[in-house]
Amino acid sequence: MADTQISVLKKIQSLAMRPGTLLVLYIVGAVFAAVQLYSMGFHMYSFPVHPFPSDIMNVPEKMALFEGKQLTEYNNYLIFKYSFYHLGDGTNLYGLYPDRHWDYYKYSPTFALLMGMIAWMPNVIGMCIWNILNALAVFFAVRLLPLTRKAQMWLLWFVAMELLTCMQNMQSNGLMCGLMIAGYGCMQNGKVLWATLWLALATYIKPYGAIGFCLFLFYPGKIRFILFAILWAVILGALPLLATTWPKLLWQYRNWKDLVIADAASSVGLSVAGWLETWFGISARAGVTLAGIVLFLVPFIRYRMYKDELYRLLTVASMLIWVIIFNHKAESPTFVIAVAGVGIWLFAMPRSNMRTALAIFVFTFTCMATTDLFPPYVKEHLIYPYKMKAFPCILAWVAVFADLLTIKPGMGIAGDGPEIVKPQQRKETAIN
C-alpha cells in the first residue's frame, strides 16, 4: 500500500514538473481570473469610508465626479481598453472619464495604440486574452533563463500565486515581468534585436522597464545594442501616429509627463520608503530613492564578473526586486515582478537554510499576504498598515545584494550553483 502511494505521488510530481502542465495551468488561471471578475458585474460608486491615503485621486472634487456611477471589478481593463478610443478621438489620454472607468490612465500613447488589438472585442473575451498574454509572457520568459528545466518549473510554481493576484486585478505586471526577463534571455542567446525590442516595449508600458538596458554592459556589441535600442525607441514612440496626428501626439506625451510628475508626489506605496515610514516614522522618500540607486549600482564595480553566468543572473534578480521595492507606486499586483527576482536568486544560488527560510518568508507574507490564509483582522491590523507584503522582498534584495558582492568567479559553472545550465546544454533545456 505504501509503495503504491509513493508511486502515485511520484507520478503527480512528475506531471506537475512538466512544462506543458504549467502552461495549461497558467492559461486556465488567466481565463478563470478574467471570467470571475466579469461575472461580478457592476456596483455603484460611493465615497470611500477610508479614502486612499496620499493617492492622486484622493481629492473630494475628483471623487465627486464618480458619485452614483456604475463601476466594475475589472476597472483596470476598461482603463486600458478605452485608452485606445481616447487616442483615436484626440481626447486627453490622461483625463478622468467617470462614465467609463475609475482613476487615470498612466501608460504611454504607444500602449494605448497596442490595446486596439483587443479593445474592439467583447469585454470578457478581451479580458481573457489580456490575462493570457500576461501569463504567457512570464511562462516563456522563464523558459529562456539559463536554468535547468527543474529549476524553471519550480520558479514558475513559485511565482504562480503572485501572477494570479496580478491577473485578478487585470494588471500589466505579468507582461512587464516577462518582457524584462526576456530581454535578458535574448541577450544571453545573442539576439540583440529582440532583446532591445522587449526592453523598449517594457519602457513604453512603464518607464521603470528602462532599467533592463543596464544589462548591455555584460555583453559584446555594445554599439549595436545602443543603435537597436534607439531604433526601437523611435519606432515605438512614433507608432501612435497610426491613430493620431503629430501635434496631438506631442500633446499626449506632455500630458503623460505632467501626470507622472503629479502621481510621483502622491504616495510611497509598498516600498522601502513606505516601510520606513510605517515602521519607524521616517519620511525621506527622495533620500531613500537616491540611496536605492547608489546601492543598485554598487555591484557593477565588479567589472571582472561581467562574463560570469551567476553574476548576471543575480543582477537580473536584483533588478526585478529593486524596481518594485524602490517604486513609490508599488502595490500588491506589482509584486509578481519582485517575487520572480527572488525565485531567480533562490534557484541560481547554492542551497542553504538561510535562502530556503527567506524564500518561505517571501511566499508566506508576500505571495499569500492578501489571501484568506490570513484572517481579515490580521490583514487590517498587520499586513496592510505595516507594509508586510513588501518587507520580505526588502530582506531578499539585501541578501541578493550581499551575494552580488561576495560570489566568486565561475561559481555557477563550476557546479556550486547546480541549477545553472552550461552553454552547451541550453538548446536541449529549451526543447525539453
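Scanning for side chain to side chain donor-acceptor pair (under 3.5 Å) contacts around Y204 gives an empty result, with sequence neighbours left out. Residues satisfying the salt bridge (Lys or Arg N to Asp or Glu O under 4.0 Å) criterion with K81, sequence neighbours excluded, are absent altogether. With sequence neighbours excluded, no residue satisfies salt bridge (Lys or Arg N to Asp or Glu O under 4.0 Å) with K307.
To the nearest 0.5 angstrom, C367 atom SG is 11.0 Å from L164 atom CG. Once rounded to the nearest 0.5 Å, the distance linking OG1 of T203 with CG of L199 reads 6.5 Å. Note that CG of L87 is 11.0 Å distant from CG of N92, once rounded to the nearest 0.5 Å. Between the CD1 atom of I407 and the CE atom of M349 there is a distance of 6.5 Å, given to the nearest 0.5 Å. Distance CE/M187 to CG/L215: 4.5 Å, rounded to 0.5 Å. Here R355 contributes atom CZ and L346 contributes atom CG; the two are 9.0 Å apart, rounded to the nearest 0.5 Å.
Counting only distance, with no hydrogens or angles, the side chain of T196 and the backbone of L193 share a donor-acceptor pair below 3.5 Å. Although no hydrogens or angles enter the test, the distance criterion places a donor-acceptor pair under 3.5 Å between the side chain of N173 and the main chain of P333. Without hydrogens or angle criteria, N76 side chain to N169 main chain gives a donor-acceptor distance under 3.5 Å. Side-chain atoms of Y26 come within 3.5 Å of backbone N or O of L156 as a donor-acceptor pair. Looking at T364, its side chain never comes within 3.5 Å of a backbone N or O of F361 through a donor-acceptor pair. Although no hydrogens or angles enter the test, the distance criterion places a donor-acceptor pair under 3.5 Å between the side chain of T165 and the main chain of M161. Distance alone, capped at 3.5 Å, is enough to place a donor-acceptor pair between the T406 side chain and the A402 backbone. Although no hydrogens or angles enter the test, the distance criterion places no donor-acceptor pair under 3.5 Å between the side chain of Q188 and the main chain of L144.
Counting non-hydrogen atoms of other residues, nucleotides and ligands closer than 6.0 Å to CG of L15 gives a total above 12. Annotation for K379: atom NZ counts as buried by contact number, over 12 foreign heavy atoms lying within 6.0 Å. Atom CH2 of W194 has 12 or fewer neighbouring heavy atoms from other residues, nucleotides or ligands inside a 6.0 Å radius. Other residues, nucleotides and ligands contribute more than 12 heavy atoms inside 6.0 Å of the CZ atom of F300.
The shortest non-hydrogen separation linking W102 to N75 is N-OD1, 2.7 Å. Residue L236 comes nearest to L201 through the heavy atom pair CD1-N, 3.7 Å, listed as atom of the first residue, atom of the second, then distance. Considering all non-hydrogen atoms of both residues, A396 and V342 come closest at CB-CG2, 3.7 Å. When every heavy atom of M368 is checked against every heavy atom of L373, the shortest pair comes out as CB-CD2, 3.6 Å. Closest non-hydrogen pair, L405 versus V298, comes out as CD2-CG1, 4.0 Å. Between G126 and Y77 the shortest heavy-atom distance is CA-OH, 3.2 Å.
Using a 4.5 Å heavy-atom threshold, the side chains of W157 and L25 count as touching. Side chains of L404 and S318 form a contact here, defined as non-hydrogen atoms less than 4.5 Å apart. The side-chain heavy atoms of D308 and M305, taken from C-beta on, include a pair separated by under 4.5 Å. Side-chain contact check for L155 versus L145: some heavy-atom pair is nearer than 4.5 Å. Side-chain atoms of Y208 and I337, non-hydrogen and from C-beta on, do get closer than 4.5 Å to each other. Contact of the Y184 side chain with the P146 side chain is registered, since non-hydrogen atoms from C-beta on lie closer than 4.5 Å. Looking at Y94 and D258, their side chains never come closer than 4.5 Å, going by heavy atoms from C-beta outward. In this structure the side chain of K106 never reaches within 4.5 angstrom of the side chain of V260, judged on heavy atoms.
Note on ring orientation: taking the six-membered ring where Trp is involved, the planes of F326 and W397 are perpendicular (angle over 60°, cut-offs 30° and 60°).
A distance below 6.0 Å separates the ring centres of H86 and Y97. Taking the six-membered ring for Trp, Y386 and W275 have ring centres at least 6.0 Å apart. Aromatic pair F80/W130: ring centres closer than 6.0 Å. Ring-centre distance between W232 and F228: not below the 6.0 Å cut-off. Taking the ring centroids of W279 and F391, they lie under the 6.0 Å cut-off. Taking the ring centroids of F218 and Y306, they lie under the 6.0 Å cut-off.
Geometric assessment of R312 against the ring of Y219 yields a positive cation-pi assignment under the 6.0 Å and 45° thresholds.
With hydrogens and angles left out, the side-chain atoms of S108 and W256 include no donor and acceptor closer than 3.5 Å. Side-chain contact, S172 with Y107: a donor N or O sits under 3.5 Å from an acceptor N or O.
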Salt bridge (charged side-chain N to carboxylate O under 4.0 Å, His left out) evaluation trace for E162 with K389:
CA-CA 11 Å; E162 271 307 308; K389 190 176 180 79; 2.7 Å; yes
For this session: Take L227 and R224 through the test side chain to side chain contact (heavy atoms under 4.5 Å, CB included) and record every step on the way to the result.
Result: CA-CA 5 Å; L227 291 176; R224 185 163 168 256; 5.8 Å; no
Between M319 and F296, is a side chain to side chain contact (heavy atoms under 4.5 Å, CB included) present by the stated rule, with each step listed? CA-CA 8 Å; M319 175 184 75; F296 177 75; 4.1 Å; yes
Next item on the list: For the pair M127 and L37, evaluate side chain to side chain contact (heavy atoms under 4.5 Å, CB included) and give the outcome as yes or no after the intermediate values.
Entry: CA-CA 9 Å; M127 290 163 62; L37 285 178; 4.0 Å; yes
Set out, in order, the CA-CA distance, both residues' side-chain angles and the distance that settles side chain to side chain contact (heavy atoms under 4.5 Å, CB included) for C393 and T366, then state yes or no.
CA-CA 7 Å; C393 289; T366 296; 3.8 Å; yes
message: Run the salt bridge (charged side-chain N to carboxylate O under 4.0 Å, His left out) test on K248 and D89 for me, step by step, so that the C-alpha distance in whole Å, both residues' side-chain angles and the decisive distance to 0.1 Å come before the verdict.
response: CA-CA 10 Å; K248 282 284 188 181; D89 293 341; over 6 Å; no
- Message: As a quick check of understanding, evaluate side chain to side chain donor-acceptor pair (under 3.5 Å) for Q168 and E73, giving each step before the final call.
- Response: CA-CA 9 Å; Q168 286 176 327; E73 296 299 323; over 6 Å; no
